[in-house]
Amino acid sequence: MESPVRFVGPENFEREITTEEKPVLLVCVPRNEQFFEVLRIVERIAKRCGQKLKVCLLEEGFIRPFQERYGVFGTPTFLILVKGEERNRLLGLADEETLMHFITTN
């Protein structure tokens, strides 16, 4: 089964993020011990909010350039972007309820 989360790198960043009409939850998390936990949470979020929200995860090799561009200094970081413009961010590991609250209040 295909994941409802889109992976984003330099080759598709503009198409997936900056030209997207609906808000995007962009997740910046390295492939460490937290990765699969975060992936499960954001997949559930994507299934719940798929009509109103696009959920994207940065590809491993694109994390550092992205961090420099957007001033991301810690991970995991969750960003709400609209047409590539940051609306809000949440730093640190979040459970599904906390992440849903973050999304729905932005």
### Query
So, for Arg31 and Ile63, which heavy atoms are closest and what is the spacing to 0.1 Å?
NH1-CD1, 3.9 Å
### Residues, nucleotides or ligands: over 12 heavy atoms within 6.0 Å of Glu14 CD
no
### Task
Please check if Val82 and Ile17 belong to a single hydrophobic cluster, counting links between Ile, Leu, Val, Met, Phe, Trp and Tyr side chain heavy atoms closer than 4.5 Å.
no
### Message
For residues Leu25 and Phe13: do they belong to one hydrophobic cluster (side chain heavy atoms under 4.5 Å, members Ile, Leu, Val, Met, Phe, Trp, Tyr)?
### Response
no
### Message
In this structure, would Ile103 and Leu93 fall into the same cluster of hydrophobic residues linked by side-chain contacts under 4.5 Å?
### Response
yes
### Query
Do Leu79 and Phe66 pass the side-chain contact (heavy atoms from CB on, under 4.5 Å) test, and can you show the C-alpha distance, the side-chain angles, and the key distance before you say yes or no?
CA-CA 12 Å; Leu79 295 103; Phe66 178 83; 3.9 Å; yes
### Task
State, with a plain yes or no, whether a side-chain heavy atom of Phe73 is found less than 4.5 Å away from one of Leu91.
no
### Query
Does atom CZ of Phe7 have more than 12 heavy-atom neighbours, drawn from other residues, nucleotides or ligands, at distances under 6.0 Å?
yes
### Query
Do you know the tightest heavy-atom contact between Gln67 and Cys28?
CG-SG, 4.1 Å
### Task
May I ask you to test the Arg44-Ile41 pair for a side-chain heavy-atom distance under 4.5 Å?
yes
### Query
Out of curiosity, Asn32 CG to Glu60 CD, how far, rounded to the nearest 0.5 Å?
8.5 Å
## Note on the structure
Rounded to the nearest 0.5 Å, the NZ atom of Lys22 sits from the CD atom of Gln51 at a distance of 6.0 Å
### Message
How about CZ on Arg6, more than 12 heavy atoms from neighbouring residues, nucleotides or ligands closer than 6.0 Å, or not?
### Response
no
### Query
For the residue pair Phe62 and Pro10, what are the closest heavy atoms and their distance?
CD1-CD, 3.5 Å
### Task
Check whether any side-chain heavy atom of Pro23 sits under 4.5 Å from a side-chain heavy atom of Arg87, and report yes or no.
no
#### Entry: Closest non-hydrogen atom pair, Glu16 against Val8
CB-CG2, 4.0 Å
### Message
Under 4.0 Å between a side-chain nitrogen and a carboxylate oxygen: does that hold for Lys83 and Glu21?
### Response
yes
### Query
Of all heavy-atom pairs between Gly71 and Arg89, which one has the smallest distance, and what is that distance?
O-NH1, 3.1 Å
### Query
Does the side chain of Arg64 reach to within under 4.5 Å of the side chain of Glu68, using non-hydrogen atoms?
yes
### Any Ile45 side-chain heavy atom under 4.5 Å of Phe102 side chain
no
### Summary
All heavy atoms of Gly84 vs all of Tyr70, minimum pair found to be O-OH, 2.9 Å
### Query
Do the side chains of Val29 and Leu39 get nearer than 4.5 Å, heavy atoms only?
no
## Note on the structure
Value for CZ (Arg48) from CG (Leu99), rounded to nearest 0.5 Å, stands at 9.5 Å
### Message
Applying a strict under-4.5 Å side-chain criterion to I, L, V, M, F, W and Y, I'd like to know whether Val24 and Leu58 cluster together.
### Response
yes
### Message
Side-chain heavy atoms nearer than 4.5 Å, only ILVMFWY residues, links allowed to pass through others: does that put Leu53 and Val38 together?
### Response
yes
### Query
More than 12 non-hydrogen atoms from neighbouring residues, nucleotides or ligands closer than 6.0 Å to CD on Glu85, yes or no?
no
### Query
Sequence neighbours excluded, which residues qualify as side chain to side chain donor-acceptor pair (under 3.5 Å) partners of Asn12?
none
